[in-house]
Amino acid sequence: MLKKFKVKGFTSFKDELTFDLSSPNAYAFHPECVNNGIVRSVVIHGKNGVGKSNLGLAIFDIFEQLTDFKVDDSLYRTYLNAELPDDTGMAEFEYTFGFEGNEVVYSYGKTSLHDFVYECLSINGNEIISSDRRSGNTFTCKLPGTETLRNTVSDNSISVLKYIKANTERDNSTENKVFDSLFEFVSRMLYFKCLHFNTYIAEPPKNNNFLSDIIEADKVGEFETFLRDCGIECNLGVEGEGKRRTIVNIYGSKAYPLSEVWSTGTNSLSLFFCWTMRMLAGKVSFLFIDEFDAFYHYSLSRTVIRYLRNIPPLQFAVTTHNPATISTSLLRPDCYFIMDKSGLLPLSARTDRELREAHNLEKMYKANAFTMIPHE
């Protein structure tokens, strides 16, 4: 799981921003929101322009370099912070992961989506891999089984970690197992926006048409149940043959393609359901949905959070502007993060009050009870 993430120099983050999921409070309610001391259910609030969307892109920067899946470069068109020096400026990222009791810290700096400056990987406090392109193209690696590997990567667009992964056959030592766990985790990360149907960072779906995935997986019945649980009355069926099959909504003796009659909110829900098929199959390690409920009624927003919360061991973070999602009936105070100029911190770190299950967090949020700048 992702324990902590740091970024600076990337887009809107001139100074370092820390997203710490490794310090949950000792709340007795909603224990399912924490797994092995790491917060796994997160809702991020913040005013427009504070960087919530950029946070998601920053976290998923790692996906482009450690997997073979293509990332839409247009998502990273503006990469470096505009106030950085032209000659030495770079974006820097640091990820801390927990894999079965082992801690992995992977840090790197880049001048663009495809140009590395340095990389460093530590496992359980021991530096395993180190590379600094500013002083040459060589790197050091202490993974068992890499002793005869040529330790030079001249192409700055290639991650040293990915080079090592692709060019070695290593043993089953703890270090190598943890190293492989990092790649496995990253390959199963998923980012998407409900505002745009095809905006995602993940292993690509089988079909460009997401509804075709539902049909091929024989999940139309489950899709109808999901929509009904979300308060949308429907009677779904499938019409057509072969690749022309499509989901229809049946009105008495007539049927219309769902894509022609759905509302913007139903469109968004359909996209969400398509991705949840992957989540329920255990194929998603970390999920980030930007503006997940932009077209939802407040009650539907709460339903979706409950739905995600109940998919163990999925770790997720969603951004929203909807204060109705801030409730102890859904999550704990250490699961709600506020992003502003002072940083990105949970509600429990933004007040001196002892937050309890009986508190009305939404009311407190609207009354600016969580604007306190943390003590140094």
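Computed from heavy atoms alone, side chains included, the values below leave out hydrogens, waters and symmetry copies.
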Nearest heavy-atom pair of [X] and [Y]: which atoms, and what distance?
X	Y	value
Tyr106	Gln65	OH-NE2, 3.2 Å
Thr67	Ser187	CG2-CA, 3.9 Å
Met339	Leu17	CE-CD2, 3.6 Å
Phe10	Asn54	CE2-O, 3.6 Å
Val39	Pro24	CG2-CB, 3.9 Å
Ile232	Thr266	CD1-OG1, 3.7 Å

Closer than 4.0 angstrom, basic N to acidic O: yes or no for Lys6 and Glu92?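 Judged by the 4.0 Å cut-off on N to carboxylate O distance, Lys6 and Glu92 do not form a salt bridge.
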Looking at Asp213 and Lys219, is any side-chain nitrogen of the basic one under 4.0 Å from a carboxylate oxygen of the acidic one?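 Salt bridge flag = no for Asp213 with Lys219.
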Spacing of [atom1] belonging to [X] relative to [atom2] belonging to [Y], to within rounding of 0.5 Å:
X	Y	atom1	atom2	result
His114	Asp155	NE2	CG	11.0 Å
Leu227	Phe272	CG	CZ	11.5 Å
Ile129	Phe179	CD1	CZ	4.5 Å
Phe29	Leu331	CZ	CG	9.5 Å

Hey, could you give me each pair passing side-chain hydrogen bond (donor to acceptor under 3.5 Å, both in side chains) that has a residue in residues 323-336? Not counting sequence neighbours.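 Every side-chain hydrogen bond (donor to acceptor under 3.5 Å, both in side chains) pair that includes a residue of residues 323-336, provided the two are not neighbours, is His45-Thr325, Arg302-Ser329, Ser327-Ser329, Arg332-Asp334.
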Using a 3.5 Å distance criterion without hydrogens, assess whether the side chain of [X] forms a donor-acceptor pair with backbone atoms of [Y].
X	Y	result
Ser268	Thr264	no
Glu147	Gly145	yes
Asn151	Phe139	yes
Thr88	Pro85	no
Arg309	Ser41	no

Heavy atoms from other residues, nucleotides or ligands near [atom1] of [X] exceed 12 (cutoff 6.0 Å):
X	atom1	value
Asp229	CG	yes
Tyr256	OH	no
Asp87	CG	yes
Arg356	CZ	no
Phe183	CZ	yes
Lys162	NZ	yes
Asp180	CG	yes
Glu100	CD	no

Please say which of Arg350, Lys47, Lys52 ends up in a salt bridge (Lys or Arg N to Asp or Glu O under 4.0 Å) with Asp340.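 That would be Arg350; it is the only one of Arg350, Lys47, Lys52 passing the salt bridge (Lys or Arg N to Asp or Glu O under 4.0 Å) with Asp340.
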Extract all donor-acceptor atom pairs below 3.5 Å that involve side chains of residues 234-242 and protein atoms in other chains or at least two apart in sequence.
none

Using 30° and 60° as the class boundaries, would you call the ring planes of Phe63 and Phe60 parallel, tilted or perpendicular?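 Aromatic pair Phe63/Phe60 classed tilted.
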Regarding [X] and [Y], is there a side-chain donor-to-acceptor distance under 3.5 Å anywhere?
X	Y	result
Tyr27	Glu357	no
Tyr108	Asp61	yes
Asn124	Asn102	yes
Glu291	His321	no
Asp171	Ser173	yes
Thr168	Arg170	yes
Thr319	Asp290	yes

A side-chain contact here means heavy atoms from C-beta on lying under 4.5 Å apart; do Leu361 and Phe370 qualify?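 Leu361 reaches Phe370 side chain to side chain.
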Would you check if Val71 and Tyr76 make a side-chain contact, meaning some heavy-atom pair closer than 4.5 Å?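 A side-chain contact under 4.5 Å exists here.
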Under the side chain to side chain donor-acceptor pair (under 3.5 Å) criterion, do Ser74 and Asp72 qualify, and how do the steps go? CA-CA 5 Å; Ser74 66; Asp72 184 355; 2.7 Å; yes
